[in-house]
Amino acid sequence: AIFTRQFAVMISAGIPVLRCLETIQAASRSARLVEVVEGVKNDVRTGQSLTDALHRHRPVFSDLYVNMVRAAELGGILDTVLNRLANYLEKEMEINGKIKSALTYPAVVFVFSILAVCFIVFFVMPQFQPVFKDWEAPLPWTTRLLLNSSSFMLRYWYIPVIIVVGGFVGTRVYASTQTGRYNVDAIKLRLPVFGQLLRKISVARFARTFATLIASGMPVLRILEIVADTAGNKVISSAVLKARNSVQEGQRISDPLAASGVFPVLLTQMVSVGEETGQLDTMLEKVADFYEREVDDAVASLTAMIEPIMIVGLGAIVAFIALSIITPIYDIASQAIKG
């Protein structure tokens with residue numbers, strides 16, 4: 001994103017492409033970016049077009065990026081397209097950053113909760129087992145459950161590890177197939193709370209990408225192919241490809257999108273209005289802005305909901321463990337006083 005913004009500013013100022021690349025390379029602090037820009041610069045110096053040079057360095061430069069630069073070179077509007085690309089990439093970074101920051105706190109709390117429970121199960125409970133083992137009176141069910149869980153984990157600790165690792169690896173392998181990826185992505189969209197958030201993110205990305213590409217003068221059929229590749233969800237990608245086939249047969253874009261049942265009514269109606277008025281890029285930008293705000297609101301609501309749930313859950317775990325240990329000790333002390 002920074003590379004693209006710098007490139008756009010220098011191209012707008014009339015600086016030659018090679019000089020732009022040299023300046024960006026000298027100013028960059030990323031060793032990887034320096035290496036890539038060096039390769040692009042050398043390719044351009046040998047007479048290749050900027051598009052071909054960028055294409056040789058995939059996946060650093062995506063299909064969307066390369067195709068937009070190709071359209072820009074053909075139309076002589078490289079500065080304009082680079083500015084659109086920079087805006088697009090910065091929007092993507094902004095959304096991803098908000099999601100990551102919103103999920104950081106719950107993730108940290110969850111990890112420390114797991115570590116705390118593991119510490120109690122593996123190190124604390126074994127210290128109490130000899131005390132409770134010699135006690136003749138029946139232990140509370142919570143204490144028995146905790147002791148049995150601790151004994152099981154100490155003896156068969158590898159079973160949960162195998163289940164977790166096996167489940168993760170199995171899911172990744174299954175998701176690497178076409179059918180598996182589609183089914184996994186379909187399940188993601190049906191998840192409570194998170195499913196709606198993922199759908200809004202995908203719709204916002206679809207609209208922003210489509211608007212950026214169509215404003216650059218790229219053919220609709222090629223746009224739909226690129227949008228399908230960058231959708232980030234196989235269900236939405238499949239719906240876009242089906243829409244492409246329908247458009248190729250002469251239908252409007254909005255009709256197959258509406259028939260798919262994947263996209264919200266607002267998007268399909270705005271696309272329909274854009275097709276009728278010849279302002280499809282403007283309509284799609286408005287849809288992208290709307291759903292990006294929806295993503296912001298959904299992330300804020302999700303954060304506000306997750307934090308108290310995590311705190312209450314952690315408190316319940318601590319209370320359960322504390323009562324399981326303290327209750328029998330209190331009974332032992334009471335009997336000793338009475339005795």
Side-chain angles (χ1 to χ4, degrees), residues 96 99-177 179-198 299 301-339:
N96 293 335
I99 294 171
K100 288 179 182 177
S101 62
L103 296 179
T104 297
Y105 175 77
V108 170
V109 172
F110 179 77
V111 169
F112 274 96
S113 301
I114 296 297
L115 292 175
V117 171
C118 290
F119 176 78
I120 291 171
V121 169
F122 286 105
F123 298 101
V124 176
M125 288 308 299
Q127 305 299 322
F128 286 93
Q129 282 188 353
V131 178
F132 295 142
K133 186 177 181 181
D134 298 332
W135 194 33
E136 297 180 356
L139 293 170
W141 70 269
T142 55
T143 306
R144 294 197 307 273
L145 176 62
L146 195 59
L147 289 173
N148 292 335
S149 299
S150 177
S151 299
F152 176 84
M153 291 297 294
L154 286 170
R155 187 175 300 176
Y156 304 108
W157 59 268
Y158 53 87
I159 293 180
V161 173
I162 292 174
I163 292 174
V164 172
V165 174
F168 176 78
V169 173
T171 302
R172 291 294 297 271
V173 171
Y174 178 66
S176 65
T177 64
T179 304
R181 174 71 183 279
Y182 185 92
N183 291 334
V184 170
D185 285 346
I187 291 172
K188 288 179 182 178
L189 293 179
R190 295 193 192 101
L191 290 173
V193 182
F194 288 98
Q196 284 300 315
L197 175 60
L198 292 174
V299 169
S301 301
L302 187 63
T303 305
M305 180 180 66
I306 287 179
E307 288 183 8
I309 290 175
M310 295 289 290
I311 292 172
V312 171
L314 182 58
I317 293 172
V318 172
F320 175 81
I321 294 173
L323 288 174
S324 300
I325 296 174
I326 293 173
T327 301
I329 292 177
Y330 177 79
D331 292 340
I332 292 174
S334 300
Q335 290 184 10
I337 292 173
K338 291 179 182 179

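Everything quoted here is computed from the prediction, not taken from an experiment.
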The reported gap from CZ in F110 to CG in L115 (rounded to nearest 0.5 angstrom) is 10.0 Å

With a 4.5 Å cut-off on side-chain heavy atoms, are V169 and R172 touching? no

Using side chain to side chain donor-acceptor pair (under 3.5 Å) as the criterion, list what pairs up with R190, not counting sequence neighbours. none

Report yes if some heavy atom in the side chain of L145 is under 4.5 Å from a heavy atom in the side chain of F320; otherwise report no. yes

Closest non-hydrogen atoms of M305 and I309, given as atom of the first, atom of the second and distance, are O-CG1, 3.2 Å

If the condition is side chain to side chain donor-acceptor pair (under 3.5 Å), which residues does N96 pass it with, not counting sequence neighbours? none

Closer than 3.5 angstrom, by distance alone: can the side chain of S176 be matched with the main-chain N or O of V173 as a donor-acceptor pair? yes

For S113, check side chain to side chain donor-acceptor pair (under 3.5 Å) against everything at least two apart and list the hits. none

Between the CZ atom in R181 and the CG atom in N183, the distance rounded to the nearest 0.5 Å is 12.0 Å

List in chain and number order the residues that pass side chain to side chain donor-acceptor pair (under 3.5 Å) with Y182, two or more places apart in sequence or in another chain; answer none if no residue qualifies. none

Mind checking ring pair (Phe, Tyr, Trp, His ring centres under 6.0 Å) for F123 and listing every partner two or more places apart, or none if nothing turns up? F119

Let me confirm one number: the OG1-CD1 distance from T171 to I187, rounded to the nearest 0.5 Å. 9.0 Å

Quick check: are there more than 12 heavy atoms from other residues, nucleotides or ligands sitting under 6.0 Å from CZ of F112? no

Can you give me every donor-acceptor pair (side chain of residues 153-161, partner residue at least two apart or in another chain, under 3.5 Å) with its distance?
none

